[in-house]
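Encoded as structure tokens, the structure appears first; notes follow it.
Reminder, nothing fancy here: chain letters follow the sequence lines and each chain counts from 1. Keep in mind the model is a prediction, meaning the values are calculated, not measured.
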Number of protein chains: 2
Amino acid sequence: MNNSSDVKVVIEKLTERLGNDAVQSVVPEKYLSDRTSALKGRADCIVIPRNTAEVSFIMKTCSGHGVSVTPRASGTGVTGGAVPSGGILLSMEKFNRIIEIDADNLCAAVEPCVITLDLNKAARDKGLFYPVDPGSQDESSIGGNVAENAGGMSAVKYGTTKDYLLGAEFVTPDGTVMNAGGKFVKNASGLNILAILSGSEGTLAVITKLVMRLVPLPGARRDILMKFDSLEHAADAVKRITSAHIVPTAIEFMERSAIELVSKHSGKEVPFGGADSLLLFRIDAGSDAELDRQEKAIVAAAGADEDSFMVARSEDESALLWSVRRGVRPAIEKESPVFLAEDCAVPRSEIPRFVRAVKKIFEEKNIDSLFFGHAGDGNVHIDILKRDIPDDRWKALLKELKPLIYKEALSCGGTITGEHGIGSLRKEYLPLQFTVEEIELMRRVKRAFDPEGILNPGKIF
Amino acid sequence: MNNSSDVKVVIEKLTERLGNDAVQSVVPEKYLSDRTSALKGRADCIVIPRNTAEVSFIMKTCSGHGVSVTPRASGTGVTGGAVPSGGILLSMEKFNRIIEIDADNLCAAVEPCVITLDLNKAARDKGLFYPVDPGSQDESSIGGNVAENAGGMSAVKYGTTKDYLLGAEFVTPDGTVMNAGGKFVKNASGLNILAILSGSEGTLAVITKLVMRLVPLPGARRDILMKFDSLEHAADAVKRITSAHIVPTAIEFMERSAIELVSKHSGKEVPFGGADSLLLFRIDAGSDAELDRQEKAIVAAAGADEDSFMVARSEDESALLWSVRRGVRPAIEKESPVFLAEDCAVPRSEIPRFVRAVKKIFEEKNIDSLFFGHAGDGNVHIDILKRDIPDDRWKALLKELKPLIYKEALSCGGTITGEHGIGSLRKEYLPLQFTVEEIELMRRVKRAFDPEGILNPGKIF
């Protein structure tokens, strides 16, 4: 693939049709990596199409010459999914329009590079709400979210990106423009091609337009921070709250090491900064009365006394409570610019067992680690800090630790990644989760879309 | 396919391994049709496996001899998806166990032939709830629901079957047992094979086990019936209710002709029996106070005066209100045992336009029709009654009408089927909705699972 004379011909053809502005052989650095500091890709040229017809032309041309294409939205991934390895880097950055917020049909038509938070803002202006809130929502894009099936804090109540994908226009590797789904919530016509685009990490087609479901903005919401003397007790509380028929929007957890790091780096007093474990709840409902009811039920189910929880009574207080949780990632980056971020998901009841098992591994190797994440949906973030570990030892350590972490997640009935994807960084571990035959089936589906294998090669498999 | 000597060898091999009880060459009539009175299939033999290993053996054996297999759950479909055309009829009826209701992880593990309502009952015993409620829920099965991506009344708030599919064990046409997903709500590992099983109408794999998401049972619910002097006014009310940020569990609509038929056949007085159009709302929430708030908001947004709506104040009154809606299908069957049932879905705002356009077609041809369905999600049931139309004329009429109805749905931005699927009855109309290339992509995905084309041939394509 990517024979140099083929690449040359492709670049000439693309330049002729799209112009010099849209095709550049010098690829700026920022397009060659994602948020994974360890990765640096390369590309023979960057192409920035302006419309679907140009995407189609690009794919047709590359397909005709066997030149690979790596599509890229905001590039905020963390597993290398948007990092190219030669060929054409296809930046979709000009596909950044919110085409329509359709309040009557509770949906939005958007181009793939619309920033997630911008869609949410536009929806809010019409009394609506796009509930999926990945940590990166102020810089990641809807198209990237679809490619990774992004999750976030609100998945307990609202699910993940795939649950909001109603329709798509997309271009297959041979340049054909196709459509699937639309502004309807029920569909039983033909194989569900739309569904498999979600989470396909840019390996099946280039998405050029999306229809995403929106929901009415809840009338009221409230945040509650609660401390516990162990992660087990926090997990028990989650179980009892679920049994009490309460579905919070979010149930986030943080363990001592993460809380301490936020305390250290935040520069101000952190609420419940000395706790062993914290749960942060967000609840939403149609009225304050309903929130009062839910709050009481949560406190009762958790068995919390009045010193062990605090309720935000204003937007400022809400921001303060969330600053603890949202402070974890920045605190990590301050403490140690190089770190490993894993995001296994397990059945929610297995969180304590999973965390205990992984901690044991780390303790045996004397490794600093942080545990935090989404207690309501079983998605556990495990970060390991490099700090002053020498590069060689760090590399060897990751190689040793990663399969151990994944095996624990799988033995708890989980998955090796809940929201970050496989990309290039984790593909060697896919066989831990899937049989040879299961992976071969995925490959055959890949070939059904991309028989030549030119779209985002080297990712997932 | 299905060379008679191959079929003979296959039957011998299956009988040897599974025994005479599980393999029968005389196939009882009831296995050869679904709820589509017009269809009658044929099969060389019926096989009733007891476990996954037997399913694997059956598929491996049939695959080795190029003998086709038609999987069947409850057979309550209406587009011929489970109707065989020779080869092996694979009845999954012994896969009828609820393996586990896992309250901690809000999910159930079930075999595919568990009846939908039975899952819901088992869930309710633990304070949980399986929200998808197709009209056939007391006899259709979870596996069949997954195969058709079944919808129902509650899709407005709760979505369709695919939104509850967390995991599956399935057997591919070559007999390989595979797994996808599990008891976790977030997953970004590998291509989403699970998602494409939903709505695949038994053409990709034989499902042997399912993990379905459950939700906590709402604390309270309430039903409201409201009358309108036109379908347009009813549709306007739906729009204003949505704008008021209320998401009912269900918003069902019925038009005059459907109401009159229920009145005629129910044998008792139907609430608002003389209305032009009715909307039936179900709302659920954590408390009666919240229901009061939603009820007020719905009545206000609809601009209803006190004579134009009634609220069920007991289970009996609820049953009475729902008897109007649930009475439509039985009334149709009494009025005319032969009828056409279409289930197009359109963007919800397009319901009036779609209904008007289809009515115009029917009026021009002087045809009796009924309109009812799911106003909240745009899924419109259109039934045409044969009554005393001669068979030949009826056949010709359907041939003429079906594409006209589908084209109107598509021109409203909809889909030709919201919940019933394509099966064998509608496959000739698939090209109205999809391009040649889009259908070819579906076929390639089909071949990725089933290169020999032995599983449920003649369906969808």
query = What option among B/G286, B/G182, B/P216 has the most heavy-atom pairs under 4.5 Å with chain A?
reply = B/G286
ask   = Where does A/F170 contact chain B at under 4.5 Å (heavy atoms): side chain, backbone, both or neither?
value = side chain
query = Between the side chains of A/T203 and A/N456, is a donor N or O closer than 3.5 angstrom to an acceptor N or O?
reply = no
ask   = Any salt bridge (charged side-chain N to carboxylate O under 4.0 Å, His left out) pairs touching residues 172-198 of chain A, not counting sequence neighbours?
value = A/E100-A/K183, A/D102-A/K183, A/K186-B/D377, A/K186-B/E419
ask   = Is it the backbone or the side chain of A/T79 that comes under 4.5 Å from a heavy atom of chain B, or both, or neither?
value = neither
message = Which residues pass the side chain to side chain donor-acceptor pair (under 3.5 Å) test with A/R348, not counting sequence neighbours?
response = none
request  = Please flag which part of A/E437 lies under 4.5 Å from any non-hydrogen atom of chain B: side chain, backbone, both or neither.
outcome  = both
query = Going by distance alone, is a donor N or O of one side chain under 3.5 Å from an acceptor N or O of the other, for A/N105 and B/S349?
reply = yes
inquiry  = Looking at chain B, which one of A/N149, A/I196, A/L194 has the largest number of heavy-atom pairs inside 4.5 Å, strictly under?
reply    = A/I196
inquiry  = Under a 3.5 Å distance rule, please check whether B/E201 uses its side chain to pair with a backbone N or O of B/G423 as donor and acceptor.
reply    = yes
Contact winner vs chain B - A/G418, A/A289, A/A195, A/G378, heavy-atom pairs under 4.5 Å = A/G418
key: Best-contacting candidate, B/N192, B/I460, B/N187, B/I422, against chain A by heavy atom pairs under 4.5 angstrom   = B/N187
ask   = So, A/R293 and A/D288, do they make that salt bridge, N to O below 4.0 Å?
value = no
inquiry  = Less than 3.5 Å apart, any donor N or O on the side chain of A/T161 or A/N145 sitting next to an acceptor on the other?
reply    = no
request  = Under 4.5 Å, counting heavy-atom pairs only, tell me which of B/T160, B/L217, B/D163, B/I416 racks up the most with chain A.
outcome  = B/L217
note = With chain B, the option among A/G190, A/A150, A/A103, A/G167 that has the most non-hydrogen atom pairs under 4.5 Å is A/G190
key: Which portion of B/F461 sits near chain A, non-hydrogen atoms under 4.5 angstrom   = side chain
ask   = Side chain, backbone, both or neither: which part of A/Q294 has an atom under 4.5 Å from a heavy atom of chain B?
value = neither
When A/G199, A/A345, A/G127, A/G151 are compared by non-hydrogen pairs under 4.5 Å with chain B, the top option = A/G127
request  = With a 4.5 Å cut-off on heavy-atom pairs, point out which of B/L106, B/V346, B/T435, B/L128 contacts chain A the most.
outcome  = B/L106
message = Which atoms of A/L430 are under 4.5 Å from chain B, going by heavy atoms: the side chain, the backbone, both sets, or neither?
response = side chain
key: Toward chain B, the part of A/H420 with a non-hydrogen atom under 4.5 Å   = backbone
inquiry  = I'd like to verify something: which residue of B/V238, B/V445, B/I439 has the highest number of heavy-atom pairs under 4.5 Å with chain A?
reply    = B/V445
ask   = If you count heavy-atom pairs under 4.5 Å between each of B/S200, B/S287, B/G181 and chain A, which one has the most?
value = B/S287
inquiry  = Could you check whether B/F129 and B/Y158 have their ring centres less than 6.0 Å apart?
reply    = yes
note = Note: vs chain B, highest number of non-hydrogen pairs under 4.5 angstrom among A/P347, A/C107, A/S189 is A/S189
message = Please classify the contact between A/K427 and chain B as side chain, backbone, both or neither, with a heavy-atom cut-off of under 4.5 Å.
response = neither
